[in-house]
Amino acid sequence: MVKKSIKNKIESKYDFEKIEKKWQKKWETSKIFQVKENKKKKFYVLEMYPYPSGSGLHIGHAFNYSIGDIYARFKRMQGFNVLYPMGFDSFGLPAENAAIQKNKHPKKFTEEVIQNFIKQQKELGLSYDWLRILRTHTPEYYKWNQFFFLKFLEKGLVYRKKASVNWCSKCNTVLANEQVHQGKCWRHENVGVEVKQLDQWFIKTTEYADELLRDIDKLDWPERIKIMQKNWIGKSYGTEINFEIETPAHEGCSPEPSKKVWPIFTTRPDTIYGVTFMVVSTQHYDLDQLVSADQEKDVEKFLKKIKSVGKKNLEGLEKEGVFTGSYAINPVNGEKIPVYVGNFVVADYGSGMVMGVPAHDQRDFEFAEKYSIPMKIVIEPKDYEIYERKGQLAKAYTGEGFLVNSEEFNGTESKTAREKITKYLERKKQGRKTIQYKLKDWLISRQRYWGTPIPIIYCEKCGIVPVDEKDLPIKLPADVKFGKGNPLTTNEKFLNTKCPKCNGKARRETDTMDTFFDSSWYYLRYCDNLNNKKPFGKKKIDYWMPVDQYIGGAEHATMHLIYARFFSKVLRDLGFLKFDEPFTKLFNQGMLHGEDGYVMSKSRGNVVLPEEVSKKYGIDTARLFLVSIASPDTDIQWSSKGIEGSYRFVKKVMKHFGNIKIGKTDARIESKLNKTIKGVTDDINNFRYNLAIIKIRNLFDRIPEKTSKEVLEKFLLLLHPFCPHFTEELWQNLGNKSFLSLHKWPITNEKKIDEKLEKQEEQVDNLVQDINNILRIVKTKPKSAIIYVIPNEQDIYEDYLDKIQKRTNLNIRIYSASDKNKYDPENKSKKVKQGRPGIYLE
RNA sequence: GCGGAGAUGCCGGAGUGGUCAAACGGGACAGGUUUAGGACCUGUUAGCUUAGUGCUUACCUAGGUUCGAAUCCUAGUCUCCGCACCA
């Protein structure tokens, strides 16, 4: 009882809990953050929507969302019509697994989690337009995934192909790459993951590779993300060369010896005379055709060995291979060279086969050395040293030089030879100039339940038939049995259907879509999320899109951000949109680490919950602190002591506004105010929130006890995006009836910025320092200070008299140096200079 | 291997040619206030030196450019991140 009353006494001055609840409620009931298209200029602020995980929000999320909310509030105050929505990426494997573990249906589980998320997000004071919420697991949303899939199919951007998947025989299901730990299933340590070939759906992202690459330069994105995307797309120029390959007769499949032309891709056609072998990937789907009867056993043995090693092994894997029994003919000189199958060739880059030039490629060199394949030098560098060592190659020479052992091309410089040889091959119809990308087509099939069903039907007569648009959505059946693999494959009700073409017996596709499909267009749906006739209305899209400011983590640099860009481009070509790029600007926030320096996680036990922080300091303080630690694009660390500093500031502001006296303003504070407005506006615009807050704090330190209402109001405006709740409260206390949230952002009045006045501040600081310096040195304990100033500076120091007294803890008297009646026992007035007064302490 | 980012005082972190012994916050220390604790206020926080001064050493290391470098260049060390046998 006693304790409680003390607590109340202390905290009665700043009851943040009450204030925050009050304003959150007011914002909600007044619907001020709900937006519609209008004549104002729009601004679309978007945070990457979260995956609703069971553990809820931690303070790191609060950091992420604060960054966006501050920006949205700022832009709103600047007069833009701001679209700032939130939604949930609610399909996906983790939900399915979590649901299975907790024996709860994924839908129920997910929706409960989302409810909790929303509650937590609302408590952070985020200014979302909650009417625009979307959840990807609802048929209202995923219907359009299916719709777009069909559109893509129509346009020829979808195809079906065999591809390898990770398969656990115990789980009886496909595993995601993250679920494969060192070649074993994540749940069954002793079950090796098999690589199975399954028919899978692909989207032709590669069709847009070139445009995706080209348009990167248009984007106002962090440079490193752009570079990552460029590398990911990986464009390289080279030559495609046709090698004829002879495979000896093979009883059963091919009784006659077969001849087949294989194209290979190389960036170094200048080394073609140095080819001494060929290597095909172990994963190549046509590998069988190359293997002769004699070599069949060896190859099989080798393939088995490779598979048991596991797909993704650590670096430094030794290059290995075996002879296939086939020979290739070098198109330039007719040489017959052996074809190997090797573990170091990537199956889906180029044609899955490479020409081996051991003298001029390090990988080929290692392979040739191991299997004693001859090496032929065809490029000689300008300095001959490399080759004179022991008469043998120590390593491949991969640089430029002049051609040797290359018949008519001898003596040509390697760079020109690339052109010449390519042209030569083109003339002989044995090759052509070409471009290769590292970017691969997008495999969207997931053999899992919790995702969008792929709208395809397999008819016994007609084969693969797309679902009719009018039959969408193909709903995910609710009543399913979990346990063994994808429950859709055993759900007869779902499986059995009729062929839309012939009305005959047919089965549904049981694969669902990769959730990156969902996230590739969700930003469009926000613009018109309640539309049940179309994915979105054209007018609305034209008004709101593209997203002006996208905010999210760098971990999405290559996946989501490429898919979304691709999707937009396709939709543009399908006539749905008019723009090329969905996200004009991108900001990558840093990661918030726990107090121990590690990433926040439950298992580490370093998770800080926003509720806890809120309870102790209020969410305004938490927001302020999170963005003042450092620039928001760097990784930051939570500090339970650091937040005290922000709390102190907030309390100081509350206290100051608790006993203000409205009076006149003066040039000094006006200058400081306008300088601050200018700086803060610029800082927020560029996400330098930490610097903006420093400027705001500096301004606050200069606000006198008695000042104009306008100064106080402008201060609140500047602070509002960071601390929306208590600033609203103080705004109201000043007698305002309207929302601060809707008030216009202050505009800098350049005329009022006076550098002279700013300099005077510095002079005063210097004086205080000087006095304190003397105080430190002097052995006596002076009680007062006499200051001698040049006559025209007298006013400056008198203005600051109170402050100087406070900061030095002395009585201060000021005399003009020219004053004849001044008290000056030690003649210190002699020391007076411009901007530097004389000081006498006693 | 390739590509990217970075290294600042006790800590976090600004600063990217002079206005820098270097913003701001935290911590520590000192003083004030207070019945006490807390809270609050003020100051100090590289070293020496001085009634408010001056000097030296300082922004990863070693060189260099410059009248002048935390900031630019060269080399190196370390840290973090992305891709990874892409022919």
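Every heavy atom of this structure was used, including side-chain atoms; hydrogens, water molecules and symmetry mates were not. Worth saying up front: this structure is predicted, and the values here are computed from it rather than measured. Below, chain A is the first sequence line, B the second, and so on; all start at residue 1.
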Please work out if [X] contacts a base, only the sugar-phosphate, or nothing of the nucleic acid, heavy-atom cut-off 4.0 Å.
X       : answer
Y840(A) : base
K319(A) : base
G838(A) : base
S631(A) : sugar-phosphate
V345(A) : base
I777(A) : base
G645(A) : sugar-phosphate
P837(A) : base
T267(A) : sugar-phosphate
I839(A) : base
I636(A) : nothing
K438(A) : base
T266(A) : sugar-phosphate
E826(A) : base

Taking only side-chain N and O atoms of [X], does any of them lie within less than 4.0 angstrom of OP1 or OP2 on [N]?
X       : N      : value
R648(A) : G26(B) : yes
R268(A) : A87(B) : no
Y349(A) : A87(B) : yes

Starting from [atom2] on [N], measure out to [atom1] on [X] and report it in whole angstrom.
X       : N      : atom1 : atom2 : answer
M228(A) : A84(B) : CE    : P     : 12 Å
N827(A) : A51(B) : CG    : P     : 17 Å
D635(A) : A5(B)  : CG    : P     : 16 Å
Q229(A) : G3(B)  : CD    : P     : 19 Å
Y14(A)  : C40(B) : OH    : P     : 14 Å
Q769(A) : U44(B) : CD    : P     : 6 Å
R776(A) : U53(B) : CZ    : P     : 11 Å
I225(A) : G3(B)  : CD1   : C1'   : 13 Å

Residue [X], side-chain atoms from C-beta onward, closest of [options]:
X       : options                : result
L841(A) : A51(B), G26(B), G4(B)  : A51(B)
I774(A) : A23(B), G13(B), G52(B) : G52(B)
K641(A) : G27(B), G52(B), G3(B)  : G27(B)
V778(A) : G12(B), A51(B), A14(B) : A51(B)
N773(A) : G15(B), U50(B), G3(B)  : U50(B)

With no hydrogens and no angle check, is any side-chain donor or acceptor of [X] less than 3.5 Å from a backbone partner on [Y]?
X       : Y       : answer
D824(A) : K828(A) : yes
N330(A) : Y273(A) : no
R418(A) : G238(A) : no

For [N] and [M], measure between their [atom1] atoms and round to the nearest Å.
N      : M      : atom1 : answer
A28(B) : G12(B) : C1'   : 15 Å
C48(B) : U57(B) : C1'   : 11 Å
C20(B) : U8(B)  : C1'   : 12 Å
G6(B)  : G43(B) : C1'   : 35 Å
A39(B) : G32(B) : C1'   : 14 Å
C2(B)  : U71(B) : P     : 27 Å
G15(B) : G64(B) : P     : 30 Å
C78(B) : U61(B) : C1'   : 10 Å

With distance as the sole criterion, is a donor-acceptor pair present between the side chains of [X] and [Y] under 3.5 Å?
X       : Y       : answer
T267(A) : S236(A) : no
E400(A) : S414(A) : yes
Y371(A) : E320(A) : no

D441(A)/K204(A) salt bridge by N-O under 4.0 Å criterion: no

Could you tell me whether D765(A) and K803(A) make a salt bridge, using a distance below 4.0 angstrom between a side-chain N and a carboxylate O? no

Toward the 5' end of RNA chain B, which comes first, E842(A) or T808(A), by nearest nucleotide? T808(A)

Would you kindly compare K806(A) and R836(A) by the position of their nearest RNA chain B nucleotide and give the one closer to the 5′ end? K806(A)

Sequence-distant partners of R702(A), side-chain hydrogen bond (donor to acceptor under 3.5 Å, both in side chains), two or more places apart: E761(A)

For the pair F277(A) and Y340(A), name the ring-plane relationship: parallel under 30°, tilted 30 to 60°, perpendicular over 60°. perpendicular

M278(A) and M353(A), any side-chain heavy atoms less than 4.5 Å apart: yes

Taking the six-membered ring for Trp, are the ring centroids of F715(A) and F700(A) within less than 6.0 Å of each other? yes

Y647(A)-F649(A) aromatic ring centre distance below 6.0 Å: no

Specify the residues of residues 232-241 of chain A, ordered by number, for which at least one heavy atom lies under 4.0 angstrom from an atom of RNA chain B. W232(A), S236(A)

Just to be sure I follow the notation: if a pair is Watson-Crick (purine N1 to pyrimidine N3 plus N6-O4 or O6-N4) or a G-U wobble (N1-O2 and O6-N3), each under 3.5 Å, what dot-bracket string does RNA chain B give, with | for pairs to another strand? ((((((((.[[[..)..(.....]]]((((((.......))))))(((.....)))...[[[[[..)....]]]]])))))))....

